[in-house]
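The basis for the numbers below is simple: all heavy atoms, side chains too, and nothing from hydrogens, waters or symmetry mates. Residue numbers start from 1 in every chain, and the chains themselves are labelled A, B, ... in the order their sequence lines are given, proteins ahead of strands.
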Amino acid sequence: MRIETERIGGTLFIQINGELDLHTSPMFKETVEEKLAQYDFIKHLVIDFTNVEFIDSSGLGVILGRFKHMTQRGGRLSAINVSAPLRKVFELSGLLRIMGIYDDRRQAMGN
Amino acid sequence: MRIETERIGGTLFIQINGELDLHTSPMFKETVEEKLAQYDFIKHLVIDFTNVEFIDSSGLGVILGRFKHMTQRGGRLSAINVSAPLRKVFELSGLLRIMGIYDDRRQAMGN
Amino acid sequence: MTSNYLKLRFPSLPENVGLARMMAASFAAQLEFTLAEIEEIRVAVSEAVSNCVIHAYPGKPGLIQMNLAIKNNNLVIKIRDYGKGINDIEQAKQATFSTEPERMGLGLVFMESFMDDMGIESQPEKGTTVVMKKHPERGSANAGLSRIS
Amino acid sequence: MTSNYLKLRFPSLPENVGLARMMAASFAAQLEFTLAEIEEIRVAVSEAVSNCVIHAYPGKPGLIQMNLAIKNNNLVIKIRDYGKGINDIEQAKQATFSTEPERMGLGLVFMESFMDDMGIESQPEKGTTVVMKKHPERGSANAGLSRIS
Ligand SMILES: Nc1ncnc2c1ncn2[C@@H]1O[C@H](COP(=O)(O)OP(=O)(O)O)[C@@H](O)[C@H]1O
Ligand SMILES: Nc1ncnc2c1ncn2[C@@H]1O[C@H](COP(=O)(O)OP(=O)(O)O)[C@@H](O)[C@H]1O
């Protein structure tokens with residue numbers, strides 16, 4: 001897995017490349033938490049799932065953890081480019097209902 | 001593995017897609033031998049390696065077998081689009097020395 | 001015809017979760033599963049092997065056995081550990097139940113949802129065995145057709 | 001740190017040659033092999049497992065064991081069968097020597113050329129064990145650098 005981040009104002013864009021599972025999710029968590037600690041004005045986390053080849057409940061767990069953290073600090077988390085196979089596990093896990101899911105960056109920013 | 005064949009006059013073009021090993025080489029052999037039996041005027045076999053993802057000595061063995069068959073019937077065999085990793089096993093096996101290796105169809109036909 | 005099988009033994013290291021799911025997917029490709037079904041198999045195996053890593057051997061890595069087999073056009077996956085075991089299997093199966101605060105408690109739910117059949121046997125301090133089965137939807141239709149034609 | 005291993009058991013079916021080489025390649029990816037080195041590993045494993053399928057168990061399929069391990073930044077591959085065995089190992093290793101008329105007699109040559117080290121033990125009617133080792137060229141350089149920085 002490889003993670004790219006880009007901050008524009010109070011929004012942190014995160015692109016995950018590869019598989020998000022028990023092995024790789026700690027690295028995702030660390031990367032995001034570091035940025036959130038560094039810039040306390042970040043209020044919106046936008047995670048791009050275009051290049052996510054796999055996710056299981058360990059991966060969903062760290063996404064949910066970041067969702068909770070953003071809510072705590074009065075912000076929010078959006079997911080973009082969630083493909084059909086990923087959507088299924090998002091749905092089963094209940095994340096689909098609580099998270100903002102958008103088609104692309106622009107839509108996520110608009111809401 | 002998937003094989004495509006195209007006959008133009010006395011030349012049979014064969015495109016191999018996938019891996020040529022112990023499991024798949026019998027199917028390659030059958031396909032070629034069937035065509036050779038059907039059209040006895042085929043004198044040139046041109047094998048396109050563009051989409052060959054793997055070859056080992058079992059795969060090289062059936063290529064050599066077809067080379068021998070073509071020589072027997074007074075014809076020849078050419079290989080085209082042989083990538084660097086394949087070239088190494090072609091070289092080690094001695095096939096590189098005895099077979100015609102060309103960049104593309106046109107070159108193979110020209111010689 | 002000898003029907004195929006693949007038996008694996010590896011230590012419960014996080015990096016092996018990905019290897020295990022890749023091997024299960026490659027083995028499963030012998031049957032006529034759709035890509036969506038292969039995805040479901042990958043998730044189920046990932047969950048079962050992750051459970052061995054986190055719950056069965058929380059301290060240091062232990063042995064995981066994964067047996068893959070084809071039986072009557074079914075994929076059968078058996079995943080076994082010799083670790084901590086599960087006290088109450090019915091409770092463990094409940095959605096969002098987890099003995100680890102940071103986890104979602106959805107692993108067993110995913111395994112049950114994505115496979116046709118899932119069974120667990122466990123003994124505290126002896127270990128846990130999970131058996132999962134899946135039948136290719138398309139494969140059964142094709143088998144029918146080829147018998148007719 | 002527990003160093004990683006993967007032990008496999010499967011029947012000597014031709015379709016398992018591809019599975020075996022894919023598993024070896026995926027396991028090897030833990031070390032810093034180049035793509036060209038991974039290709040060489042795939043060929044070596046393919047040859048060794050094909051030999052079990054054709055020569056060790058010519059009649060009906062038998063058991064193949066493949067053990068993969070990381071030892072001191074080396075990939076160690078052990079492939080074992082309980083089949084026919086080899087009468088004269090030195091002769092078997094010679095280029096173009098084969099007991100099968102249609103085969104090239106290059107399997108053992110490829111294994112020796114593509115791996116850093118290859119050893120064979122065999123007993124007629126008892127079986128054959130091949131052990132191959134390979135060290136990533138790049139990995140050794142990197143290990144040095146990371147120690148310095
Ligand atoms: N192989 C195992 N060994 C020991 N305990 C297990 C095993 N698999 C599952 N469990 C127990 O069952 C509970 C529920 O598992 P699961 O649904 O996969 O959720 P999670 O992994 O998120 O906790 C775990 O929290 C654990 O207590
Ligand atoms: N696992 C094995 N079991 C029995 N015989 C073997 C085995 N591996 C190799 N041999 C013997 O060694 C010979 C040379 O092997 P190899 O160099 O791989 O060439 P090839 O497979 O083309 O015959 C084989 O023809 C066979 O007689």
Can you check whether C:Gly127's main-chain N or O pairs, donor with acceptor, with C:Ser122's side chain at less than 3.5 Å? yes
Identify which part of D:Leu19 has an atom lying under 4.5 Å from any heavy atom of chain C, answering side chain, backbone, both or neither. side chain
Please determine whether salt bridge (charged side-chain N to carboxylate O under 4.0 Å, His left out) holds for the pair D:Lys134 and D:Glu40, giving the CA-CA distance in whole Å, both sets of side-chain angles, and the decisive distance to 0.1 Å. CA-CA 10 Å; D:Lys134 196 175 178 80; D:Glu40 296 178 335; 2.8 Å; yes
Closest heavy-atom contact between D:Ala24 and D:Leu68? CA-CD1, 3.9 Å
Quick one: what part of D:Gln30 sits under 4.5 Å from any heavy atom of chain C, side chain, backbone, both or neither? side chain
Distance-only side-chain donor-acceptor flag, C:Arg21 / C:Ser46, under 3.5 Å: yes
Okay, D:Asn67 and chain C: the region with an atom under 4.5 Å from a heavy atom over there is neither
Given the options D:Gln65, D:Met66, D:Arg9, which has more heavy-atom pairs under 4.5 Å with chain C than any of the others? D:Arg9
Of all the residues in residues 104-117 of chain C, which have a heavy atom that comes within less than 4.5 Å of a heavy atom in chain D? none
Apply side chain to side chain contact (heavy atoms under 4.5 Å, CB included) to residues C:Ile77 and C:Val45 and explain how you reach the verdict. CA-CA 8 Å; C:Ile77 303 177; C:Val45 167; 3.7 Å; yes
When rounded to the nearest 0.5 Å, the distance separating CG of C:Asn16 from CZ of D:Phe27 is 7.0 Å
To the nearest 0.5 Å, tell me how far C:Ile86 CD1 sits from C:Thr99 OG1. 9.0 Å
Just by modelled atom types, is the C:Ile64 backbone N or O under 3.5 Å from a matching donor or acceptor in the C:Ser12 side chain? no
